[in-house]
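Working notes, beginning with the structure itself.
Residue numbers begin at 1 in each chain, while the letters A, B, ... track the order of the sequences.
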Amino acid sequence: MKRGTRKIETQLAVIGTGIAGFAASIFARQRGLDVAQFGHSGAMAYTTGYLDLLGVHDRRVRQDPWAALDELRQDEPLHPMSGLSNTSIRAAFDGFTDALGEMGIGYTKAGDRNLSGLLPNGLAKPTFSVPDTMLPGITALESGARTLVVDFEGLQGFSAKAFEVNFRDRWPALRSARLTFPGMENRQVFPEVLARSLETSVTQQALAELIRPLLNGVEYVGLPAILGMHMPDEVRARMEEIIGVRLFEIPTIPPAVPGIRLRETFERSFPEMGVKLEPQLKVAEVDFRSSGATLHLHGPMEDLEVEASAVLLATGRFLSGGLKSDQESLSETLLDLPISQPQDRDEWFRQEYLDPRGHPINRLGVEVDGRFQPVAADGAPIHERLFAAGAILAHQDWVRQRCGAGLAIATAHAATEAAAAALG
Amino acid sequence: MSVRTYEADVLVIGGGATGSGVMRDLALRGINCILIDRKDLNAGASGGNHGLLHSGGRYATADAETAAECRHEGDILKRLAPECIDDCGGLFVAVVGDDEAFAAKFPEHCRVAGIPCEALSAAEAREREPALPEAILAAYAVPDATIDPFRIVLENVGHAERLNDSSYLPHMEIEGFEIIDGTVAKALCRDRRSGAAVEIRARQFVNASGAWAEKVARLAGCSDVSLLYSKGTLLISNTRVTNGVVNRLRLPDDGDILVPGGTVSLLGTSSVTVDDPDGIAPTVPEVDRILAEGAAMLPVLNETRFVRAFSGVRPLLKSAGSEADGRKANRGFALFDHEDQGLSNFATVAGGKFTTFRLMAEKAGDLVAARLGNAEPCKTNLEPLPSGDALRWTEPGAAARDWYKRADPTDMVLCECEMVARSAVDTILADAPGAEDHMSLKAIALRSRIGKGACQGAFCSMRVTSHLYDRGVYDSPDGLRQMRDFVNERYKGIRPVLWGAQMPQTELAEILHCGLAGMDLAAAEEGADSK
Amino acid sequence: MGAHSGGNTLDFLKVANDLLPDGASYDACVGCGICASGCPASGLFGMDPRRFINMAMLGMNEELSTTPWVWACTQCKRCAYLCPMGIDVSQLVGAARGAWATEDKPKGIVRSCAAQKLDESTSAMGLMSEDFVEIVEETLEELHENQPRFADLKVPIDKKGAKFVINQNSREPAVEPEEMAPLWKILDYVGADWTYSSKGWAAENFCMFTGDLDSWKEMVTTRVDAMNALESEIWINTECGHSFFTIWQGIEKFGLTANFEAESLVTYYAQWIREGKLPVNSDWNKNNVKFTVQDPCQLVRKSIGDQAAEDLRFVVKTLVGEENFVDMQPCRSANYCCGGGGGFLQAGMASERRAYGKRKFDQVIATEADYVLTPCHNCHSQIEDVGDHFGGAYTVTHLWTLICLSLGILGPDERKYLGPDLADINLPEEE
């Protein structure tokens with residue numbers, strides 16, 4: 001027994017709940033637009049928490065993302081970030097991380113250089129902006145500081161030992177230890193569970209007591225990313241005070257805290273920001289008309305009909321359901337937007353998995369014009385009020401290029417700017 | 001630098017079904033062996049097949065002799081190695097468009113080969129296999145079964161090791177033989193991981209290297225082994241599609257058999273003659289053709305999630321008319337004593353089927369025992385094959401059931417898809433054949449179900465690697481390189497089935513492997529170093 | 001409780017296939033474990049949602065048909081909420097429950113379902129229709145006597161054509177009838193045209209929890225027939241989670257005809273406040289007592305969605321003051337089940353239930369709230385129990401208690417669920 005259909009109106013309907021979708025809602029609100037956002041939880045839970053801008057170009061790791069962007073514009077003029085100026089990309093980044101800061105997760109400001117984000121297996125990756133909880137680890141690596149990395153019995157896929165062994169050459173003053181997390185004896189544990197437990201002062205105290213005897217003169221202690229879910233900076237500060245050394249977080253394999261933290265932060269803050277967020281509902285259908293579109297969503301008990309003056313599509317790729325494929329071809333799932341692609345499936349993927357050129361399929365996606373409007377083969381916008389942003393866009397390989405957040409944030413910024421202009 | 005040397009009564013070359021079978025056969029006669037493989041166990045056709053324990057029905061029409069051999073050997077294995085076998089039964093089914101006259105002759109051909117064959121109505125066939133289509137022209141039940149080719153080889157080796165300290169050395173490649181007066185004195189090998197030269201002295205040498213038997217024979221100066229290489233490709237589904245084996249009732253062609261593999265199903269098999277047994281991989285066109293053919297027999301395959309494809313090379317004995325079409329080649333085997341090649345202590349056993357490996361090993365064992373003056377008869381047709389704690393993890397679902405039954409909350413599951421626990425991995429590290437040597441992620445995966453589930457190693461590669469660092473098995477960045485090699489290898493089989501549900505899976509894998517583990521950058525860096 | 005011997009072994013892949021497309025293809029699982037990470041039942045009996053799917057894939061039908069975990073999973077659907085593929089393990093769990101032999105199922109749930117089937121009253125505590133009517137009348141009489149201000153208050157039963165039919169959780173008439181009064185007062189205050197139904201009045205459905213679809217259907221049919229007969233426009237579900245889900249979902253699932261709309265009392269609290277019919281405020285909360293809310297899964301995530309969470313917050317913030325409200329994190333549709341749902345509370349698995357509830361306990365403690373408000377009886381009992389067990393100093397209370405407190409109409413014997421800090425606040429003037 002359904003309760004029928006609830007109807008709402010909005011200026012901009014953002015479809016998708018990844019970084020691009022959330023960033024688009026933030027930017028649209030900053031522009032004073034009335035915003036509603038929809039989508040299933042999607043793929044954001046798989047992020048490390050690092051925000052990349054452009055870490056790899058022409059198969060080389062880049063220290064200067066801005067210079068790399070200049071090269072990108074030359075070498076890959078169709079890349080979605082190539083049409084955007086460094087100034088607007090920087091503004092987008094700052095706008096996004098400032099908003100995150102206000103919501104309670106501190107991030108480093110957009111700088112001039114990439115940072116070496118620590119990875120759980122004892123490698124580093126070029127990234128651009130990192131959570132404040134992760135920054136001290138980067139400093140510790142750079143200075144070779146005496147550091148202890150701790151892992152936990154029952155926590156899968158995070159080995160402090162592996163971290164130590166693989167960093168040994170660059171970071172000789174690194175040590176590792178294993179602890180049993182307070183109250184989590186003899187069981188498999190997920191980082192999320194540890195993080196939630198660390199929201200209470202009892203657990204903070206108990207864990208600190210376990211760490212303290214191991215310090216032996218270290219300046220830093222590294223932990224898998226578990227320092228609370230909703231107020232990580234506060235949890236870190238409290239723990240640092242009890243333990244007496246700097247603490248930092250290291251990303252873990254999914255399901256990991258940093259992504260869940262971001263998603264829950266947006267879910268918590270958006271209603272206060274005035275964004276109508278329905279993170280559980282997938283848009284089933286969109287009917288376009290000249291002045292906007294009607295979106296149809298199906299809830300468990302209640303359907304939702306949204307009258308929107310403009311639509312921003314940020315549904316991502318296969319994992320988050322923006323694209324799908326059968327044996328023959330790729331397609332866009334919601335609007336069946338055209339995707340130019342090779343005839344043969346054989347050309348989707350290269351023979352070698354880790355081929356540094358990346359797989360051709362990663363560069364297939366939705367084609368847009370300079371206003372981030374999806375276009376037909378003739379280059380004309382498909383709908384006057386349709387915009388797109390993020391990983392669904394063609395001509396990028398965000399995983400290999402280390403530009404996921406940059407792509408999401410910069411294109412969401414530009415697409416909302418264009419949408420706002422269209423809405424007058 | 002001194003050369004590492006080993007010595008045994010017999011050196012067996014080739015860690016597949018035949019080589020491991022020879023090793024056990026000889027050990028049961030009290031003869032001490034060293035078994036070597038250029039890679040690891042089942043690296044060739046023994047690991048690249050559908051695991052069908054033939055009733056013989058498949059060959060009943062074209063090759064009655066092989067059919068009867070299969071029937072006989074299948075019965076022995078069912079009796080002596082039941083834990084390796086799923087006696088699930090099989091059907092031969094003709095669907096619309098198939099040759100009804102061919103189908104009609106099938107029972108008679110089975111009778112001649114001594115294969116029980118029961119005619120079923122379409123309704124009876126669908127009762128056994130609900131996935132069959134409505135329109136069935138003919139259906140016959142035969143005693144097909146399936147065998148876990150990894151487990152039986154592990155058990156062969158494990159048993160031989162326990163019997164008389166026979167030993168197994170993986171990653172040991174033959175580079176040549178030292179031959180003195182028509183007698184092979186030693187094999188000149190190289191440890192492919194360390195690069196070190198190794199010499200193995202033995203009184204007898206058995207070449208059981210499958211598709212590489214011709215090459216190895218040539219290293220010993222023998223030109224009498226002549227093989228035809230027939231590449232076969234198969235697809236693996238995410239779940240088990242049918243209860244038993246389903247064969248298409250027609251002359252063998254692509255996509256005409258679906259074989260349960262415990263918790264999954266294997267669809268095959270193509271047959272393409274290739275020049276070289278090395279460097280083969282399944283291709284997109286092969287996969288598409290196999291699937292199109294398979295779906296004609298079982299339409300449900302169009303909706304089935306496939307997680308991987310793989311290829312093996314059948315080492316077939318060359319005979320007249322077989323050059324053009326591997327399917328027409330004799331599936332029998334041959335034992336070469338090489339005496340006409342001027343060698344007195346070298347033998348090659350080649351050709352044959354997985355189902356008949358025991359018989360091949362028996363014949364080779366008879367020759368070697370006689371040459372050594374050992375009068376013990378073959379016992380592999382009487383002696384049950386014992387299992388062991390470190391040998392039983394390749395069976396799909398075994399690790400999961402074992403873990404669930406033990407209900408030990410401190411025993412972490414490392415591979416979630418197949419539910420392989422830390423304790424299972426530790427058993428393999430401690431006791432599985434090859435354990436005395438360095439045991440990598442890949443070696444553990446070969447001896448278990450790690451990396452074989454839906455995620456194809458995306459998660460468990462990282463989790464098992466972490467565990468191996470924790471255990472001190474890895475103590476250098478080499479562990480990360482091993483992980484990269486492993487996922488690279490898995491990808492070769494994933495690539496041709498990348499569509500549908502495998503697309504998000506692979507996107508997630510790339511996010512993990514490149515974004516979180518930096519494998520692409522590390523690979524590029526190492527590539528640059530080596531240039 | 002251990003694995004059972006009787007019952008049927010289900011083919012879970014077939015069950016999954018039959019549930020399509022609703023349950024989403026279990027075959028689409030990418031194995032990421034986000035479901036298991038976010039599930040408080042993970043680790044109990046060695047199971048978690050991802051393992052349930054994987055074991056189905058591996059054909060471990062016997063294990064899945066016998067694992068007691070299906071009674072520890074509260075079917076809260078948080079896994080489905082989180083899964084990028086939308087896979088809903090709770091539906092497989094429901095099928096597994098149904099396949100257990102009745103004698104092996106948790107006795108508390110089975111007994112309650114059996115009690116519900118005794119009589120058209122559908123009460124899990126075995127209250128017959130006439131008992132209910134009698135208790136209501138007696139309680140009303142006492143109210144008239146003890147609180148003269150409400151001497152004219154009416155509690156209609158079986159009033160045909162009333163705008164609202166309201167159900168009543170059995171716990172109140174059976175154990176604490178005085179707890180019915182606050183709700184009556186609210187309905188009286190807003191001048192609602194309402195009635196109880198003597199048939200199908202009970203706000204619980206343990207038959208759904210048993211996994212026995214026929215019994216679930218029987219329960220819902222009795223209630224729908226009773227409501228249809230009363231020709232009311234709207235059925236309002238009281239402060240209870242699952243009894244709301246069971247009705248509308250049952251009507252959908254079994255294709256029943258209902259001539260009324262299903263609504264939650266929370267929706268009406270919010271509406272009446274917005275309309276000025278319930279002029280509540282937080283003036284009474286001068287000591288800034290802190291409150292948090294528990295979003296019942298059955299009402300929010302599984303039924304109305306965030307709209308219900310929004311209404312709930314509006315009501316509570318108005319009642320206690322915006323500054324005295326602290327949300328648990330996560331909340332709304334992403335909220336954790338407390339562990340009282342799905343029949344877990346009545347399944348006789350206390351240690352597992354409390355291990356499950358530890359996460360909710362930590363969440364509550366992290367808010368540092370003095371009170372937990374929740375419009376669900378199972379949430380209420382479970383959060384209270386884990387608070388006692390793990391040593392939390394908070395109190396769990398009903399919305400109706402606070403509404404009446406704010407309005408100054410909460411009688412002295414209606415304060416059972418208030419702590420000493422609020423026991424004497426806003427007592428009605430003696431008349």
Side-chain angles (χ1 to χ4, degrees), chain A residues 1-4 6 40-46 154 156-157 183-184 186-193 195-203 228-231 253-257 259-261 263-265 267-268 271 276-282 297 299-302 304 316 318-321, chain C residues 30 32-40 42-43 46 48 50 77 80-86 224 244-245 247-253 256-258 260-263 301-310 313 327 329-334 336 355 358-359 361-368:
Chain A
M1 168 198 240
K2 297 272 235 178
R3 297 207 311 179
R6 183 158 58 94
H40 204 69
S41 307
M44 200 164 63
Y46 309 119
Q156 305 273 10
M184 304 279 173
N186 297 328
R187 51 176 288 196
Q188 181 173 345
V189 292
F190 291 98
E192 176 178 357
V193 177
R196 300 210 194 270
S197 181
L198 268 182
E199 303 249 289
T200 65
S201 54
V202 178
T203 311
M229 193 60 86
H230 295 94
M231 35 178 193
I253 66 169
V257 167
I260 299 170
R261 198 181 266 162
R263 192 190 65 226
E264 290 189 3
T265 296
E267 288 185 2
R268 184 186 69 221
K276 296 186 262 301
L277 178 67
E278 291 281 357
Q280 193 180 11
L281 299 190
K282 237 177 179 163
L297 299 91
M301 195 183 175
E302 191 172 72
L304 187 60
F318 301 97
L319 191 52
S320 44
Chain C
V30 292
C32 71
I34 201 85
C35 54
S37 168
C39 168
S42 285
D48 64 44
R50 169 170 57 184
K77 288 190 193 261
Y81 173 83
L82 295 168
C83 175
M85 305 296 151
V224 167
F244 185 64
F245 177 82
I247 292 269
W248 77 259
Q249 178 72 11
I251 290 167
E252 284 275 291
K253 196 179 181 86
L256 307 179
T257 304
F260 52 88
E261 299 290 325
E263 296 286 358
R301 179 166 53 246
K302 290 177 73 172
S303 295
I304 300 176
D306 278 351
Q307 193 61 46
E310 207 53 60
R313 275 157 190 71
D327 242 329
Q329 300 298 341
C331 56
R332 301 167 193 266
S333 289
Y336 280 119
K358 178 66 165 56
R359 203 177 295 195
F361 174 79
D362 282 349
Q363 266 189 302
V364 174
I365 294 303
T367 66
E368 299 180 354

Between [options], the one whose heavy-atom pairs under 4.5 Å with chain C are most numerous:
{"options": "A:Glu302, A:Met229, A:Arg196", "value": "A:Arg196"}
{"options": "A:Gly299, A:Pro191, A:Pro255, A:Pro271", "value": "A:Pro255"}
{"options": "A:Met231, A:Arg6, A:Arg187", "value": "A:Arg6"}

Nearest heavy-atom pair of [X] and [Y]: which atoms, and what distance?
{"X": "C:Cys32", "Y": "A:Tyr46", "answer": "SG-OH, 2.9 Å"}
{"X": "C:Pro84", "Y": "A:Lys282", "answer": "O-NZ, 4.5 Å"}
{"X": "A:Glu192", "Y": "C:Gly38", "answer": "OE1-N, 3.5 Å"}
{"X": "A:Thr200", "Y": "C:Ile365", "answer": "CG2-CG2, 4.2 Å"}
{"X": "A:Leu319", "Y": "C:Met85", "answer": "O-CE, 3.7 Å"}
{"X": "C:Trp248", "Y": "A:Pro300", "answer": "CH2-O, 3.0 Å"}

Identify which part of [X] has an atom lying under 4.5 Å from any heavy atom of chain A, answering side chain, backbone, both or neither.
{"X": "C:Gln307", "value": "side chain"}
{"X": "C:Ala80", "value": "backbone"}
{"X": "C:Ser37", "value": "both"}
{"X": "C:Phe260", "value": "both"}
{"X": "C:Arg50", "value": "side chain"}
{"X": "C:Arg332", "value": "side chain"}

Report summary line: Taken in chain and number order and not counting sequence neighbours, the residues that satisfy side-chain hydrogen bond (donor to acceptor under 3.5 Å, both in side chains) with A:Lys276 are A:Asp34
Report task. Could you check A:Leu277 against C:Asp306 for side-chain contact (heavy atoms from CB on, under 4.5 Å), going step by step and ending with a plain yes or no? Result -> CA-CA 9 Å; A:Leu277 178 67; C:Asp306 278 351; over 6 Å; no
Report task. Side chain from CB out, backbone as N, CA, C, O: work out which of these in A:Glu199 comes under 4.5 Å of a heavy atom of chain C, or both, or neither. Result -> both
Looking at [options], which one has more heavy-atom pairs under 4.5 Å with chain A than the rest?
{"options": "C:Ser303, C:Ala366, C:Gly250", "value": "C:Ser303"}
{"options": "C:Lys253, C:Glu252, C:Arg301, C:Glu263", "value": "C:Glu252"}
{"options": "C:Ala36, C:Ala258, C:Ala334, C:Ser42", "value": "C:Ala36"}
{"options": "C:Arg359, C:Glu368, C:Glu310", "value": "C:Arg359"}

Atom [atom1] in [X], atom [atom2] in [Y]: separation rounded to 0.5 Å?
{"X": "C:Gln329", "Y": "A:Arg268", "atom1": "CD", "atom2": "CZ", "answer": "5.0 Å"}
{"X": "C:Thr367", "Y": "A:His230", "atom1": "OG1", "atom2": "NE2", "answer": "12.5 Å"}
{"X": "A:Met301", "Y": "C:Lys302", "atom1": "CE", "atom2": "NZ", "answer": "13.0 Å"}

**Report entry** With sequence neighbours excluded, residues passing ring-ring contact (aromatic ring centres under 6.0 Å, His included) with C:Tyr336
**Finding:** none
Requested in this report: Could you please spell out the steps behind the side-chain contact (heavy atoms from CB on, under 4.5 Å) verdict for A:Arg263 and C:Leu82?
Outcome: CA-CA 11 Å; A:Arg263 192 190 65 226; C:Leu82 295 168; 3.0 Å; yes
